[in-house]
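Below is one structure, written out as structure tokens; the observations come after it.
Below, read A as the first sequence line, B as the second, and so on, with proteins coming before strands; counting in each chain starts at 1. From a predicted model like this one, the values you see are computed outputs, not experimental measurements.
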Amino acid sequence: MTTIPPAETRGGRRDNLPARYFSEGGEICSMTVRTRFAPSPTGYMHIGGMRTALFNWLWARHNHGQFILRIDDTDEQRNLQEALGPILDAFRWLGLDWDEGPEIGGHHGPYFQSQRRHLYDAALRQLLDAGSAYRDFELPVDTQAQREAAEKDKSVYISSRASLQLTAAQVATYLADGRSCVIRLLIPRNEKVVMNDHIRGTVEFDCGLMPDPVIARNDGSPLYNFATVVDDAEMEITHVIRAEEHLSNTPIQILLHRALGNRTPEWAHVPYVASPGSKEKMSKRKIDKYRTSPQFQKLFELADQVLSRIGIDSKPNALSPVMVAYYRQVGFLPAGVLNALVRLGWSLDDQTEFLSLTEMKQKFTLDRVIKSAAGLDPDKLLSFQSHWMSELPAKEKLSGCLWMLKQAHLIHDEDDQETQAKVARVIELAADRLRVFGDIFQLDEFFVADDELKLDDKNFQKRVVKSEHAVVLLHDLRGRLSDLAIFTAEPLHELLQSFAAEKQVKIGDLFPTLRLCVTGKVQGADLFGSLELLGKTCVLSRLQRAIGHAESQRMI
RNA sequence: GGCUCCAUCGUCUAGUUAGGUCUAGGACAUCGGGUUUUCAUCCCGGUAACAGGGGUUCAAAUCCCCUUGGAGUCACCA
């Protein structure tokens, strides 16, 4: 049995130009690093795929190389624009640019597999001519039967290779008769493929256990493994960084590269992103299960709250936390999402948590990617959000909130100076309560009409309706407030404090009750600042309305 | 089931390549205390982990073997 040595010890370019990166085997490679992300156009960008893309982007940028976007649409008939749009949008939103790919082209185009057929055809001819691949006329049902028989038998299924017994004349006849066949790669059964993965180290596969994979259909159209290999080679990809689920495809791809005479790229199989609290790969199909998961709940609740405001019903799962667009709609910051993603499976050291994209770019290395799958943690994601929101310039906070409020029809003209000034003031009051832009809705009391303010009924019953003195007290307080000449935070603070002392009521009772009547909630932004911003007229009117409410309910 | 990968606090992770101040560090969450005579912040502190079993060694989270558990993948999908 012969063993194929790891890729980097075979062939390839070796010269003494300045080093750009070091391969796993320590070989100095002078080629510019080129990484790629090759999504199939599915109509949405998966959050886990986004992390894989991020790692690819980071590695390319870290090495001053190129990041390529290639669209794996060999099997897609759908509307490409519709299917690709959300993917490109996700990249743009997060600020991950691509050097070659859709919309911008490049020297290795086209960047859609559906348009690269000539390359696959040529490679296929080469393999067939060299005898590395063969036409397999076996009927699919027969192949399937053998597979099942092997399974029943508890033995390993490998291809029958019956078609290999055919003479050239027979093959010609079959072809002339129009008999259907597929092209399979001839696996060298007495070999082992040894790969040296940047993340996993040495991984071995025994070729004797592998069926001959189909690389092209009867019509010559290429299958994934084949198209990928042809493209990766033609596009001069130096590092294939992809999700762990592709690990088992790798021996086939290595064999294909060898048969084609390519320099094999370096491999890095990153663990997939698991769903919160589990080790299972996050999947769009499991959304309903996630919705009830205690670890995931917080994220759903936050999103449902925000999305319902802006007219998106997230229940049908058209938008879910598996998709990048979800975070954007809820008002997450690119910096926060990026930071959470990079720390999932990668760390710089034992301390660093916060990294900007620029810092990631400088510090990211493949050798610090962890091997095991990691679950996305909504709590930690939110804490990253808080951090990056606090770093965000006021102007950008403002525009993010204006967008949200506009979507929810809580403001009408986002360009209006007065509106902007008010929203800016609310943002100041919100302070660190604002983790995502959607949190601005927690302070919606500043944007609704007095007679449309909803009161937290449970607390209203407890604190006002069922309280002995509340109504009287509130009535008194309203009088004092109406006498207050300068309706700003400081005098309000003083007035409320002395009022509480005079009436001998606890501040812990009075303040929340007042807040409830005026904002509808028992919790919120700084009380005095809120009163000031609402203004005297509004405060008095809301207080009056609350008192009226309580009185009418008490009479019943 | 075959093949392959993985395994440190509840979670994300540092430490494993070169065994030794690791009585295992940090962050998030959680709990307690303090500041803010409201809320949130902020500050201080606490609880909390090397999956199990064998070896090797003066010494193992770290090296070796086995067991267990988890995951990925087994298409004329990508």
- [ ] Write down the distance separating the C1' atoms in B:C22 and B:A14, rounded off to the nearest Å.
- [x] 11 Å

- [ ] Side-chain contact test, heavy atoms from C-beta onward, threshold under 4.5 Å: evaluate it for A:Trp388 versus A:Ser356 and give yes or no.
- [x] yes

Task: G-U wobble or Watson-Crick pairing nucleotide for B:G20 (cut-off 3.5 Å, both distances) - done: B:C58

TODO: From the options B:C3, B:C6, B:C12, select the nucleotide whose nearest atom is closest to the side chain of A:Arg200.
DONE: B:C6

- [ ] Would you indicate what A:Asn218 reaches in the nucleic acid, counting non-hydrogen atoms under 4.0 angstrom: base, sugar-phosphate, or nothing?
- [x] nothing

- [ ] Look at A:Lys279 and B:C12 and indicate whether a side-chain polar atom (N or O) is within less than 4.0 Å of OP1 or OP2.
- [x] yes

Open item on the list: Quick one, A:Phe511 and A:Phe528 - any side-chain contact, counting heavy atoms below 4.5 Å?
Closed with: yes

Task: Nucleotide paired to B:A49 in any strand shown, Watson-Crick or G-U, under 3.5 Å - done: none

TODO: Could you measure between the two C1' atoms, the one in B:A18 and the one in B:C77, and give it in whole Å?
DONE: 45 Å

Open item on the list: With rounding to the closest Å, how many angstrom separate the C1' atoms on B:G25 and B:C9?
Closed with: 12 Å

Open item on the list: Under 4.0 Å, counting only non-hydrogen atoms across every strand here, what does A:Gly375 touch: a base, just sugar-phosphate, or nothing?
Closed with: sugar-phosphate

Task: P gap between B:U11 and B:U21, integer Å - done: 26 Å

Open item on the list: Within the structure provided, determine whether A:Tyr224 and A:His246 are in side-chain contact (heavy-atom separation under 4.5 Å).
Closed with: yes

Open item on the list: Taking the minimum atom-to-atom distance to the side chain of A:Val214, which one of B:C6, B:C76, B:G26 wins?
Closed with: B:C76

Task: B:G72 versus B:C28 - spacing of their C1' atoms, nearest Å - done: 28 Å

Task: A:Glu502, CD atom: more than 12 neighbouring heavy atoms under 6.0 Å - done: yes

- [ ] In whole angstrom, give the distance that lies between atom CD of A:Glu151 and atom P of B:U73.
- [x] 16 Å

Open item on the list: In this structure, how many angstroms lie between the C1' atom of B:A75 and the CG atom of A:Asn249, rounded?
Closed with: 11 Å

TODO: Can you check whether any acceptor in the base of B:U73 is under 3.5 Å from a donor in the side chain of A:Glu245, or vice versa?
DONE: no

Nucleotides 42-45 of chain B: which of its N/O atoms have a protein N/O under 3.5 Å away?
none

Task: A:Arg217 side chain, from C-beta outward: closest of B:A78, B:U4, B:C12 - done: B:A78

TODO: Look at the side chain of A:Ser163 and the backbone N and O of A:Asp136, then say whether any donor-acceptor pair between them is shorter than 3.5 Å.
DONE: no

Task: G-U wobble or Watson-Crick pairing nucleotide for B:U37 (cut-off 3.5 Å, both distances) - done: none

Task: Ionic contact status for A:Asp121 with A:Arg125, cut-off 4.0 Å - done: no

Open item on the list: Using heavy-atom distances to pick each residue's nearest nucleotide on RNA chain B, tell me which of A:Gln497 and A:Glu138 is more 5'.
Closed with: A:Gln497

Open item on the list: Looking at A:Arg161 and A:Glu138, is any side-chain nitrogen of the basic one under 4.0 Å from a carboxylate oxygen of the acidic one?
Closed with: no

- [ ] Using a cut-off of strictly less than 4.0 Å, decide whether A:Lys371 has a side-chain nitrogen or oxygen near OP1 or OP2 of B:C6.
- [x] yes

Task: Distance in angstrom units between A:Phe511 CZ and B:A40 P, rounded - done: 15 Å

Open item on the list: Let's test this: given Watson-Crick or G-U wobble pairing with both distances under 3.5 Å, identify the partner of B:A27.
Closed with: B:U11

Open item on the list: Over all strands shown, is A:Gln295 touching base, sugar-phosphate only, or nothing at heavy-atom distances under 4.0 angstrom?
Closed with: nothing

Open item on the list: Is the phosphate of B:C76 approached by A:Ser221 (side-chain N or O, under 4.0 Å from OP1 or OP2)?
Closed with: no

Task: No-hydrogen, no-angle side-chain donor-acceptor test under 3.5 Å, A:His257 and A:Gln253 - done: no

- [ ] Give A:Gly277 one of three labels, base, sugar-phosphate or nothing, depending on what nucleic acid heavy atoms sit under 4.0 Å from its own.
- [x] nothing

Task: N or O in side chain of A:Lys281 less than 4.0 angstrom from B:U73 OP1/OP2 - done: yes

- [ ] Assign A:Leu247 to base, sugar-phosphate, or nothing according to its heavy-atom contacts below 4.0 angstrom with the strands shown.
- [x] sugar-phosphate

Open item on the list: Taking the six-membered ring of A:Tyr174 as reference, does the cationic atom of A:Arg179 (NZ for Lys, CZ for Arg) lie under 6.0 Å from its centre and within 45° of its axis?
Closed with: yes

Open item on the list: Give me the distance, rounded to whole Å, that separates B:G46 from B:C64 when you measure between the P atoms they each carry.
Closed with: 36 Å

Task: Identified pairing partner of B:G72, criterion: Watson-Crick or G-U wobble below 3.5 Å - done: B:C3

Open item on the list: Let me spell it out: for each of A:Arg147 and A:Gln113, pick the nucleotide of RNA chain B with the closest heavy atom. Which residue's pick is nearer the 5' end?
Closed with: A:Arg147

- [ ] Calculate the interatomic distance between A:Glu280 atom CD and B:C6 atom C1'; express it in whole Å.
- [x] 15 Å

TODO: Could you check which of B:C5, B:C6, B:U13 has an atom nearest any side-chain atom of A:Ser372?
DONE: B:C6

Open item on the list: Between A:Gln295 and A:Asp377, do the side chains contain a donor N or O and an acceptor N or O under 3.5 Å apart?
Closed with: no

- [ ] Using a cut-off of 6.0 Å, state whether more than 12 heavy atoms not belonging to A:Gln115 lie near its atom CD.
- [x] yes

Pick out the pairs of N or O atoms, protein on one side and nucleotides 14-18 of chain B on the other, that lie under 3.5 Å.
| from | atom 1 | to | atom 2 | distance (Å) |
| --- | --- | --- | --- | --- |
| B:A14 | OP1 | A:Ser347 | OG | 3.0 |
| B:A14 | O3' | A:Arg368 | NH2 | 3.2 |
| B:G15 | OP1 | A:Arg368 | NH1 | 2.9 |
| B:G15 | OP1 | A:Arg368 | NH2 | 3.3 |

Open item on the list: Over all strands shown, is A:Ala431 touching base, sugar-phosphate only, or nothing at heavy-atom distances under 4.0 angstrom?
Closed with: nothing

Distances for protein N or O near nucleotides 27-30 of chain B N or O, under 3.5 Å:
| from | atom 1 | to | atom 2 | distance (Å) |
| --- | --- | --- | --- | --- |
| B:A27 | O4' | A:Glu353 | OE2 | 3.3 |
| B:A27 | O2' | A:Lys380 | NZ | 3.4 |
| B:A27 | N3 | A:Lys380 | NZ | 2.9 |
| B:C28 | O2' | A:Lys380 | N | 3.4 |

Open item on the list: For A:Thr228 and A:Asp231, which I'm curious about, is there any donor-acceptor pair between the side chains at under 3.5 Å?
Closed with: no

Task: Aromatic centroids of A:Trp346 and A:Phe364 separated by under 6.0 Å - done: yes

TODO: Answer yes or no: does a side-chain N or O of A:Arg435 lie under 4.0 Å from OP1 or OP2 of B:A40?
DONE: no

Open item on the list: Without decimals, in angstroms, what is the distance between A:Leu338 CG and B:C12 P?
Closed with: 20 Å

TODO: Write down the distance separating the C1' atoms in B:A29 and B:U67, rounded off to the nearest Å.
DONE: 33 Å

Task: Whole-Å gap separating C1' (B:A78) and CZ (A:Phe37) - done: 11 Å

Task: Nearest-Å distance for atom pair CG/C1', residues A:Leu495 and B:U38 - done: 15 Å

- [ ] Only one of A:Leu58, A:Val270, A:Leu54 passes side-chain contact (heavy atoms from CB on, under 4.5 Å) with A:Ile241; say which it is.
- [x] A:Val270

Task: d(NE2, A:His246; C1', B:A78) in whole Å - done: 7 Å

Open item on the list: Does A:Lys286 have more than 12 heavy atoms from other residues, nucleotides or ligands lying within 6.0 Å of its NZ?
Closed with: yes

- [ ] Could you check whether A:Val203 gets within reach of a base, just the sugar-phosphate, or nothing at all, counting any heavy atom under 4.0 Å?
- [x] sugar-phosphate

Task: A:Asp212 side chain to A:Ile187 backbone, donor-acceptor under 3.5 Å - done: yes

